[in-house]
Asks: 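Can you read through this structure? Questions will come right after.
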Amino acid sequence: MIKYLGSKRRLVQTISSLASGCGASTAADLFTGTTRVAQELKRQGAFVTAVDTATYSEVLAQCYVCADATAVDHAELAEAIAELNALPGRRGYFTEVFCEKSRYLRPENGERVDAIRDAIEERHRASWLYPVVLTSLLEAADRVDSTTGLQMAYLKQWAPRSFLPLSLRVPELLAGPGRSIRADAREAVASIGPVDFAYLDPPYNQHRYFTNYHVWETLIRWDAPDHYGVACKRADSRSAATRSVFNSKQTMPAALAEIVSRIEATVVVVSCNDESWLGRDDLLEMCAGRGHVELLEFDSKRYVGAQIGIHDLTGQKVGRVSHLRNVERLAVCGSRAEVLGAIDAWHQQVQASDETRSFAGSPSRPVPLGPRTLGSAGGETLR
Ligand SMILES: C[S@@+](CC[C@H](N)C(=O)[O-])C[C@H]1O[C@@H](n2cnc3c(N)ncnc32)[C@H](O)[C@@H]1O
């Protein structure tokens, strides 16, 4: 499980039960990030289209959403991973920039990344293995990095996990086909086609994924870019082409509203939280045009960086975060019957997991704050 700002790791089961409640056999995850939600939708049998602008996200989707575990040669994959794992390290761009000029990985692991990434390009570029072994390398680097979860500053003292040797694992591929689109969600929305279920999880504030995950962009593109600053960010971080309309307070609400109204989907679920530029009422109003809206709210732990603390650009801890929890919101919209069917399935999943929890214990699950209904007539009522 890679570390990712805004990852819906704790809401995946909720989103998946909403999709199964409306019997979704086709689904779209429009800001797929780690692909966690897309993976769960695929696991429950849907044909999933995963969309994101990030290059690393496209590779993750080609591995977990597009590759079909029933149709690939698992022995070939295991052999490729074993061969890559056996390569000795060799100092190159990655070591110099991310382990000497900055401190993303320990140099001995950076040298392994350089050697393995070059070998992937030479041996697997034209093969189905390419996105799968790249995913394996990205995940291996994430397990031994020295960050607080973002790639904008590195810890002053090496993180204990960074001393572990970098080791590739075979990714757990899922059965069935799927589709990945690397594009701005506003453009992709026209080419996705009708789906039963769409999940929208855009960035909600100024935090840019292109800069926060610049090391992954470079690891996947392998283009040795010019860089700047303590974190050695890509020079093209400064270019307008790498900016997202979802990172501007002026443009984000209208861009999201456009997608909510244009996406061809029976049920649409829009994610937001109480730290977003989009307030609760704005979210409900944006979704009301699709018919009936239910709002689910969850008391949840904030992202990993907030738990670790505030750091300056050299990785030094400079302050405490004001709060460690927030409210995650899911607006579920569509026809009344479809939406209520989805909500019922979610209720059943909560009951089932409560029963399981009383035996097994599951302390990190978000706590539902209760669904609210915005009827098609517009009046909000507590259910
Ligand atoms: C909140 S994160 C999504 C997290 C994801 N649901 C998960 O669980 O990993 C937002 C994502 O939107 C992507 N993004 C930013 N601007 C975009 C755009 N214009 N079109 C599509 N994706 C965009 C970012 O790269 C990031 O992966």
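Counting starts at 1 for both ligands and their atoms, in listed order. Hydrogens, waters and symmetry mates are skipped; everything else that's a heavy atom, side chains included, is used.
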Asks: If we set the cut-off at 4.0 Å for heavy atoms, which region of Val245 has an atom near ligand 1: side chain, backbone, both, or neither?
Replies: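 For Val245, no heavy atom sits under 4.0 Å from ligand 1.
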Asks: Test Met252 against every option in Ser276, Ser244, Pro203 by the side chain to side chain contact (heavy atoms under 4.5 Å, CB included) rule and name the one that passes.
Replies: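 By the side chain to side chain contact (heavy atoms under 4.5 Å, CB included) criterion, Met252 pairs with just one of Ser276, Ser244, Pro203: Ser276.
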Asks: Heavy atoms only, cut-off 4.0 Å: how does Phe246 contact ligand 1, side chain, backbone, both, or neither?
Replies: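 Near ligand 1, Phe246 shows its side chain, while the N, CA, C and O stay back.
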Asks: Salt-bridged, Arg182 to Asp52, with N to O below 4.0 Å?
Replies: no
Asks: In this structure, does ligand 1 have an atom that sits under 4.0 Å from one of the heavy atoms of Ser7?
Replies: yes
Asks: For atom 16 (N) of ligand 1, what is the closest protein heavy atom, and at what distance to 0.1 Å?
Replies: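 Looking only at protein heavy atoms, the one closest to atom 16 (N) of ligand 1 is Ser244 OG, 2.8 Å.
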Asks: Any sub-3.5 Å donor-acceptor pair from Arg290's side-chain atoms to Val260's backbone N or O?
Replies: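 Yes, the answer is positive, given that a donor and an acceptor are paired below the 3.5 Å cut-off.
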Asks: Side chains of Ser180 and Gln62: is there a donor and an acceptor less than 3.5 Å apart?
Replies: no
Asks: For ligand 1, is there an atom lying under 4.0 Å from some heavy atom of Thr53?
Replies: yes
Asks: Check step by step if salt bridge (charged side-chain N to carboxylate O under 4.0 Å, His left out) holds for Asp226 and Arg234.
Replies: CA-CA 6 Å; Asp226 289 339; Arg234 300 175 59 89; over 6 Å; no
Asks: What protein heavy atom is closest to atom 1 (C) of ligand 1, reported as residue, atom name and distance in Å?
Replies: Tyr209 OH, 3.2 Å
Asks: How far is atom 24 (C) of ligand 1 from its nearest protein heavy atom, and which residue and atom is that?
Replies: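 Residue, atom and distance for the closest contact: Asp52 OD1, 3.5 Å.
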Asks: Just heavy atoms, cut-off under 4.0 Å: does Tyr4 contact ligand 1 by side chain, backbone, both, or neither?
Replies: side chain
Asks: Nearest protein heavy atom to atom 4 (C) of ligand 1, by residue and atom, and its distance?
Replies: Asp201 OD2, 3.3 Å
Asks: Is any side-chain heavy atom of Leu219 less than 4.5 Å from a side-chain heavy atom of Tyr56?
Replies: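 Side-chain contact under 4.5 Å: no.
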Asks: Answer yes or no for Arg238 and Tyr228: cation-pi contact, defined as NZ/CZ to six-membered ring centre under 6.0 Å and angle to ring axis within 45°.
Replies: yes
Asks: Heavy-atom contact check, 4.0 Å cutoff: does Val51 meet ligand 1?
Replies: no
Asks: I'd like to know whether CZ of Arg169 has more than 12 heavy-atom contacts from other residues, nucleotides or ligands below 6.0 angstrom.
Replies: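 No, because the 6.0 Å sphere around CZ of Arg169 holds 12 heavy atoms or fewer from other groups.
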Asks: Applying a heavy-atom cut-off of 4.0 Å, say which part of Ala185 lies close to ligand 1: side chain, backbone, both or neither.
Replies: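 Both parts.
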Asks: Take every heavy atom of Ser271, measure it against each atom of ligand 1, and state whether any distance is under 4.0 Å.
Replies: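 Flag not set, Ser271 not near ligand 1.
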